[in-house]
Amino acid sequence: MPGREQARYLDELNSEQRSAVETLDGPVLLLAGAGTGKTRALTTRIAHLINSRDVRPYRILAVTFTNKAAREMKTRVGQILGEVVEGMPWLGTFHSISARMLRYNAELAGLKSNFTILDTDDQVRLLKQVLQAADIDQKMFPARHLAGMIDRWKNRAWTPDKVPDREADWGRGRAIKLYSDYQDRLKTLNCVDFGDLLLHMVQIFSKNQAILDGYCRRLKYILVDEYQDANVAQYLWLRLLASQRQNICCVGDDDQSIYGWRGAEVGNILRFEKDFPNSKVFRLEQNYRSTGHILAAASHLISFNRNRLGKTLWTQSDQGEKVRLISHYDSVSEAVWVGDEIEAIQKGSRGRAPVALDDIAILQRTTFQMRQFEDRFLRIGLPYRVIGGPRFYERREIRDAIAYFRLAMSPADNLAFERIINTPRRGIGDKSFQMIFNRAREAGISLVEASGDLVSEGQFAAKTRRELDRFLGDLEVWGRIIHGGEKNHVEVAEQILDESGYAGHWASSKAVDAPGRLDNLKELVRSLHEFENLQGFLDHVSLVMDHDQETGEERVSLMTLHAAKGLEFPVVFLPGWEDGLFPSLRALATKSGNEALEEERRLGYVGITRAEKACYISFASRRRAISGEWTDCVPSRFIDELPEEHVDILPSHDASIFGAAVMPDWRFGETGFRQDTAAGSGINTPGWRRANARRNLVRSTPGRSPAFGGGQPNLGDATRFSVGDRVFHQKFGYGRILQIDHDKVRVRFETSSEWSIAASYLSPATTGGE
DNA sequence: AAGATCAAGCTTTTT
DNA sequence: GCTTGATCTT
């Protein structure tokens, strides 16, 4: 009963956590550093609302970004309250909650409440049609590109009329028109894409005070997880919903904002106090995850960031092991070494107790780094799992199967029809499809209806007609069974996959991956059991994309740094700390210097703070690039930003295998990074300094200013260049500076073109041969 | 209409 | 270097 029993869960919190949990009214910003019990604070707060204020669970809006986070929150609230949390309908991801709201108010967006949510695949397919209709050269202007642009616009809550003209020179100046064409097509197809889920609701809220009032009245308390990841649309959505009661509690960590490139605005968190007057800010700074050295290394690295609110993490746990730094000859030997080290750790080495494979993770900047590890681990038989690989529901066979279900359910689903009409082969090629498509457009009917008409008119080649007729007949039968409901939905699904010939198609395929795909189909059918009916399944499938398949066996985890956020492991390997790869040259080239570099640094911070007891950082002198050829590498500038007193430099493992004499292009002598140099510090060797001369030069401004001038983004940072410097531009590639004029720089590129470019679009070329 | 061959692309990722 | 999409060939 509320308040009667002194809540025991409060005793388990430290004083900051407790303040954050007990300050229930008004805006609260909870700055929670890595490993400081953020989720605990958030879930306890929910429990406390329910317990002490007697707030009904359905009056609480709790938003996360991923389904996984939502699920975890739900379970943990349940644990605190002892399983009494009956239904928190408003606990979920931004998208799933907004989708539910949109279903209630669909007509206000010109939709029917049973609209379909398109994923990226469908989206691109639709855009291709739009481009084709507009007669635009798709080679010059690929649909994927447009999809990305529209996505970014929607992230910023820009409807077609709000997109600034300067954004629109794509597609012969017709980008905005194409965007609005696309929105029209979506509406007629009764579809939305992911961005629309938020955007439509923001618009509805802005235009219909009564609707907004309704939600504001109902949702008394708002909680937001990972606030630093919110984009503008999500921010507006929240601000509208919080506008009346102002009971909003956002939890986030500006230092872990690593999704700027997909629209997240760190500015949201930095601006919170302005947006919500009279807000209270609490900081969680006691770290419960990592040992002292690891925490110190991470803190020191992130301290180079300038655009941050600033926190000082501390821990009560002992210093533990220092972060280990090791160099390798190339990316292959790096993988070999990591494999060997894992086997040693597993048995227990370096005075440590044996560590289970489940407790070890390898975190990388990019996915293509993964392969070298997979190759090696397969060879030595080290079990591993790749986290965040191609998702189950995005696999071709799964999407095909889903398209069959969708079409059987609603024959007007043109996108589904288009996807599977000729898989398996039914003799419907481009020409036949064009015929159907044209007929549908002329008569204003669906593709299914159009094919029916054409068949009865005796069109098509005889074989095609027979096949198509049969398929349409099947569709009708399946539809009747589904809607009649006399048969279990799992059986219907099996029937569809059988009779359509789709399952048979994979069963008889000789492709190497065919058996695996067949397995996935079986897995799909199995997962159908968890749903009440096919419609329920389809509703969930577009938004709830994850589907973990746990095999009982112990495995090492392989994933990207991005995928690792929110996770923790006793032992963490961070390979590939080389300039150009990490920080990623491409990331640095897309935005002007500082902003992007700081995001990369945060990525490093996220990586190190995943480690509880041991953290290995490594780099190689040569690496196989994405395109297969070998490139020489220079250690990451972030290595230089690690605090020496918290780092152990391991002797280069390869020194004993390859001597400098054997490998003439051995570079460590030049780049430094030798434990035994006179300088005493393996990091700060003369060679390493030389390799970084340019950067150090720039960084010699007083204080600990970050690399690249330390100015605010877009300040005249041409000063970081001088004539003759080798630079990189995202579009034009590598080049050399001819002339500098304020922030304009004239560059001759290796494609032998010459351009004057704002310095902010250039980055120093640190890799690649001179 | 389907198989075969060629060129282009390629950071990070959720919903 | 490998996958994907577009074009060519049969």
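Lettering of chains follows the sequences in order, A, B, ..., and the numbering in each one begins at 1.
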Report the distance from atom [atom1] of [X] to atom [atom2] of [N], rounded to the nearest whole Å.
{"X": "A:His145", "N": "B:dA8", "atom1": "NE2", "atom2": "C1'", "result": "15 Å"}
{"X": "A:Lys68", "N": "B:dT15", "atom1": "NZ", "atom2": "P", "result": "10 Å"}
{"X": "A:Asn231", "N": "B:dT13", "atom1": "CG", "atom2": "C1'", "result": "13 Å"}
{"X": "A:Arg100", "N": "B:dT15", "atom1": "CZ", "atom2": "C1'", "result": "15 Å"}
{"X": "A:Asp229", "N": "B:dT12", "atom1": "CG", "atom2": "C1'", "result": "13 Å"}
{"X": "A:Arg395", "N": "C:dT3", "atom1": "CZ", "atom2": "C1'", "result": "16 Å"}
{"X": "A:Leu561", "N": "B:dT14", "atom1": "CG", "atom2": "P", "result": "14 Å"}
{"X": "A:His505", "N": "B:dA2", "atom1": "NE2", "atom2": "P", "result": "12 Å"}

Quick check for you: among [options], whose closest atom lies nearest to any side-chain atom of [X]?
{"X": "A:Arg624", "options": "C:dG1, B:dT11, B:dA2", "result": "C:dG1"}
{"X": "A:Ala587", "options": "B:dT11, B:dT15, B:dA2", "result": "B:dT11"}
{"X": "A:Trp261", "options": "C:dG1, C:dT7, B:dT12", "result": "B:dT12"}
{"X": "A:Arg425", "options": "B:dT14, B:dT11, B:dA2", "result": "B:dA2"}
{"X": "A:Ile626", "options": "B:dT15, B:dT13, B:dT11", "result": "B:dT11"}
{"X": "A:Thr560", "options": "C:dA6, B:dT11, B:dT13", "result": "B:dT13"}
{"X": "A:Asn422", "options": "B:dT11, B:dA2, C:dT7", "result": "B:dA2"}
{"X": "A:Arg371", "options": "C:dC2, B:dC10, B:dA2", "result": "C:dC2"}
{"X": "A:Phe194", "options": "B:dT11, B:dT14, B:dT15", "result": "B:dT15"}
{"X": "A:His95", "options": "B:dC10, C:dT7, B:dT15", "result": "B:dT15"}

When you measure from the centre of the six-membered ring of A:Trp158, is the NZ or CZ of A:Arg152 under 6.0 Å away and within 45° of the axis?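 The answer is no; the distance or angle limit is not met.
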On the ring face of A:Phe471, is A:Arg426 found with NZ or CZ under 6.0 Å from the centre and within 45° of the axis?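 Checked: cation-pi criterion met.
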Only one of A:Phe205, A:Trp237, A:Tyr104 clears ring-ring contact (aromatic ring centres under 6.0 Å, His included) with A:Tyr215; which?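 When A:Phe205, A:Trp237, A:Tyr104 are each tested with A:Tyr215, the ring-ring contact (aromatic ring centres under 6.0 Å, His included) holds only for A:Phe205.
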I'd like to know if A:Arg365 reaches the base of B:dT11 with its side chain, counting only an N/O donor and acceptor under 3.5 Å.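 Side chain to base: no pair below 3.5 Å.
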Quick check on DNA chain B: between A:Phe368 and A:Gly195, whose nearest nucleotide comes earlier from the 5' end?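 In this pair, the answer is A:Phe368.
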Please compare A:Lys431 and A:Tyr259 by the position of their nearest nucleotide in DNA chain B and report the one closer to 5'.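 Nearest nucleotide further toward 5': that of A:Lys431.
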Check against ring pair (Phe, Tyr, Trp, His ring centres under 6.0 Å), A:Tyr259 and A:Phe65: CA-CA 12 Å; A:Tyr259 285 107; A:Phe65 279 85; 8.2 Å; no
Heavy atoms under 4.0 Å, any strand shown: does A:Thr120 hit a base, just sugar-phosphate, or nothing?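 Contact class for A:Thr120: base.
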OP1 or OP2 of C:dT7 sitting under 4.0 Å from any side-chain N/O of A:Lys139?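 Indeed, a polar side-chain atom of A:Lys139 lies that close.
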Quick one: is A:Ser432 getting a side-chain N or O under 4.0 Å of the B:dA1 phosphate, OP1 or OP2?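 Looking at the OP1 and OP2 atoms of B:dA1, one of them is under 4.0 Å from a side-chain N or O of A:Ser432.
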If only side-chain N and O atoms count, and only distance matters, is there a donor-acceptor pair under 3.5 Å linking A:Asn305 with A:Tyr605?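 Their side chains do not contain a donor-acceptor pair, so the 3.5 Å distance test is not met.
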Could you point out which residue of A:Arg365, A:Arg623, A:Arg622 forms a salt bridge (Lys or Arg N to Asp or Glu O under 4.0 Å) with A:Glu578?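 That would be A:Arg623.
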